[in-house]
Amino acid sequence: MTVRVRFAPSPTGYLHIGGARTALFNWLFARKRGGKFILRIEDTDQKRTVPGAIEAIMDGLRWLGLDWDEGPDVGGPFGPYIQTERADLYREWANWLVEHDHAYKCYCTPDELAEMRQEQMAKKQSVGYDGRCRHLTPQQRAEKEAAGLKPVIRFKAPREGETIVPDLIRGDITYQNKQITDSVLLKSDGLPTYHLANVVDDHFMQISHIMRADEWINTAPLHIHLYRAFGWEQPIYAHLSLVMNPSGKGKLSKRTQAFTDSGQQVLVKVSEFQEAGLLPEAVVNFLANVGWSFGDDVEKFTLAEAMPRFELEDINPAPSRLNYTKLDWLNGQYIQEMEPLALAQAVKPYLDAAGLEVNPEALLAVMPPMSKRLKRLPEAVEFLRFLFDDAPFELTVEQATHKHMPREAAQQAFRQMRDLVAAIEPYDAETLGQALMKLGESVTANGKAGPFLGTARLAMTGQKVSPPLFESMVALGRERSLARLDAVLALFEEIGD
RNA sequence: GCCCCCAUCGUCUAGGGGACUAGGACGUAGGCCUUUCAAGCCUAAAACAGGAGUUCGAAUCUCCUUGGGGGCACCA
């Protein structure tokens, strides 16, 4: 069997991370089976269609490295791949259903339907269209038409029996047909609803497997009836679990929650992951671990490695939340592996944006030690500010001293350090390191260099956390290092008298 | 209200009747290393929602309860 799967978003905005995961699983499956991955745009709700959304979605997919074989931009043998460009096809098949007694015209107005729903709710009945237009006589129909009412086409759903939805992930799901309502297939604006467009397209695009989120599961029996009414073969279903909010309350959405309990921003759009300085390899790796597992206790892997192992049957049916902290860890792992030059290039835009005047050489020099400290690229801005900004930072005598190195000793230590830095040759990390270690051991009460080096770091960088001290001083250069030492010494003088 | 799905450490997961004193990862705690912070390494705490049943034997199968989620539009 030729595998053909599709990702079919509606262009109502950005690419959602949950959608990205659906796309990823489809992609993985298509690649594993040597099939085709198709991108189709479901834009039949023109009110919700947002200009530019198609591009935004494609950008998101491209960033993640999910390429498609057929789609709006690349075309393909079953196009067009944008539903509004296929409107005639749907109309044709909607009419076909009417002609074959599988569908009928309905003239109910929105008000009328709302009223019906209210009544049903008031009576605590199940809500759904009651089929009142099913048996209109030709005369009644003519009257409605004469009154200028524009009809919709509704499916004539079977009222008896049951329908089984076979699902690769969940097994057979049984529905009582009496619960399936006469859904609208063709709207009064002449465009199809999701149900019709989806079934018609999946058929003519020869889709073999439908992988989509759990939220669509209840539409499956209806769609199965449509396939039967048309006399078409139904695809194989596999309903993926939903991606939930970190709180566990509801499916992940833009609105619900902006921050997690630990204060992290809840990223939702793929573009937000990108802007947050996360690497696409990490995001995609992370996503693959949600609802699927590589096996062998392996957490970090590439898509190429995952692909041969991917099986639909292995997908976990339970909904899951996104663990953003784990994503950061994974991202850090990928950053550690980056070549210094690549990392410098990745980090530079953020430094530029922060208004820092970046010296490329100095930047490159501190990349190796930085790579172990970065979880997300933009963090580099605060880490490296000291390197590209000579504005004096706030420092107190308290910070420049230590319990094992009180005021007098600290002042003395910094004086010695200044002399040492001024004279040392060569001015490199190793020489500097050895000398400063020795100095440190001689100036602290406990004979350990740690307390001294900690304060020295503060004096050089203004930060408790920075690239390692010696490398930082080398990157800074002798002159600027001396200037910062002078600043500390001045601090002691000022307060001292 | 009706229908559907789901249920293993805080989170993501492994587990498909005996290999389970339930494994891994993130996070957390402690330790080592160390030039602070990281990174790395080691250790620890931490889960089969509850109840019946099937079986010699159940995290694994069935049912019920509970809890969570989704759906019930001329939205997708």
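Convention: sequence-line order gives letters A, B, ...; per-chain numbering from 1.
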Is any side-chain heavy atom of [X] less than 4.5 Å from a side-chain heavy atom of [Y]?
{"X": "A:Leu436", "Y": "A:Met417", "value": "yes"}
{"X": "A:Met244", "Y": "A:Pro319", "value": "yes"}
{"X": "A:Phe452", "Y": "A:Leu439", "value": "yes"}
{"X": "A:Arg484", "Y": "A:Leu476", "value": "yes"}
{"X": "A:Leu278", "Y": "A:Leu267", "value": "yes"}

**Message:** Centre-to-centre under 6.0 Å for A:Tyr175 and A:His225, is that the case here?
**Reply:** no
Are OP1 or OP2 of [N] and a side-chain N or O of [X] less than 4.0 angstrom apart?
{"X": "A:Lys372", "N": "B:rC37", "answer": "no"}
{"X": "A:Thr219", "N": "B:rA76", "answer": "no"}
{"X": "A:Lys178", "N": "B:rC2", "answer": "no"}
{"X": "A:Lys187", "N": "B:rC75", "answer": "yes"}
{"X": "A:Arg48", "N": "B:rA76", "answer": "no"}

Categorize [X] for me: base, sugar-phosphate, or nothing, with a 4.0 angstrom heavy-atom threshold over every strand shown.
{"X": "A:Cys108", "answer": "base"}
{"X": "A:Val152", "answer": "base"}
{"X": "A:Ile173", "answer": "sugar-phosphate"}
{"X": "A:Tyr175", "answer": "sugar-phosphate"}

**Asked** Which residue lies toward the 5' end of RNA chain B, A:Glu471 or A:Tyr129, if each is placed at its nearest nucleotide?
**Response** A:Glu471
**Complete:** Within residues 189-197 of chain A, those residues having any heavy atom closer than 4.0 Å to RNA chain B are A:Pro192, A:Thr193, A:Tyr194
**Prompt:** Which residues, if any, of residues 376-387 of chain A bring a heavy atom under 4.0 Å of RNA chain B?
**Reply:** none
**Request:** Kindly state each residue pair satisfying side-chain hydrogen bond (donor to acceptor under 3.5 Å, both in side chains) with at least one member in residues 428-441 of chain A, sequence neighbours excluded.
**Result:** A:Asp428-A:Thr431
**Request:** Find the partner of B:rC56: check Watson-Crick (N1-N3 plus N6-O4 or O6-N4) and G-U wobble (N1-O2, O6-N3) distances, both under 3.5 Å, and reply none if neither fits.
**Result:** B:rG18
**Message:** Need the pair for B:rC2. Rule: Watson-Crick or G-U wobble, both distances under 3.5 Å, any strand; none if unpaired.
**Reply:** B:rG71
**Request:** Name the orientation class of the two ring planes belonging to A:Phe310 and A:Phe25 (parallel below 30°, tilted from 30 to 60°, perpendicular beyond 60°).
**Result:** tilted
From [options], pick the nucleotide closest to the side chain of [X]?
{"X": "A:Thr325", "options": "B:rG27, B:rC4, B:rA73", "answer": "B:rG27"}
{"X": "A:Leu242", "options": "B:rA76, B:rC6, B:rG70", "answer": "B:rG70"}
{"X": "A:Met437", "options": "B:rA76, B:rU35, B:rC4", "answer": "B:rU35"}

Name the pairs: protein N/O against N/O of nucleotides 9-15 of chain B, kept only if under 3.5 Å.
unit_1, atom_1, unit_2, atom_2, d
B:rU11, O2, A:Asn323, ND2, 3.1
B:rC12, OP1, A:Arg321, N, 3.0
B:rC12, O2', A:Asn289, O, 2.8
B:rC12, O2, A:Lys326, NZ, 3.1
B:rU13, OP1, A:Gly291, N, 2.5
B:rU13, OP1, A:Ser320, OG, 3.4

For [Y], is there an ion pair with [X] - N to carboxylate O distance below 4.0 angstrom?
{"X": "A:Glu160", "Y": "A:Lys178", "answer": "no"}
{"X": "A:Arg86", "Y": "A:Glu92", "answer": "no"}
{"X": "A:Arg373", "Y": "A:Glu379", "answer": "no"}
{"X": "A:Lys251", "Y": "A:Asp214", "answer": "no"}

Between [M] and [N] - [atom1] atom distance, rounded Å:
{"N": "B:rU21", "M": "B:rA59", "atom1": "P", "value": "10 Å"}
{"N": "B:rG40", "M": "B:rA25", "atom1": "P", "value": "12 Å"}
{"N": "B:rC63", "M": "B:rC9", "atom1": "C1'", "value": "28 Å"}
{"N": "B:rA49", "M": "B:rA44", "atom1": "C1'", "value": "26 Å"}

**Item:** Between A:His239 and A:Arg170: side-chain donor-acceptor atoms closer than 3.5 Å
**Value:** no
**Request:** Give, for atom CE of A:Met460 and atom CE of A:Met473, the distance between the pair rounded to the nearest 0.5 Å.
**Result:** 4.5 Å
Throw together a table of side-chain donor-acceptor distances under 3.5 angstrom for residues 150-158 of chain A, partners on residues two or more places apart or in other chains.
unit_1, atom_1, unit_2, atom_2, d
A:Arg154, NH1, A:Asp182, O, 2.7
A:Lys156, NZ, A:Asp101, OD1, 2.7

If you restrict it to nitrogen or oxygen atoms, what contacts under 3.5 Å exist between nucleotides 40-42 of chain B and the protein, and what is each distance?
unit_1, atom_1, unit_2, atom_2, d
B:rG40, OP1, A:Gln333, NE2, 3.3

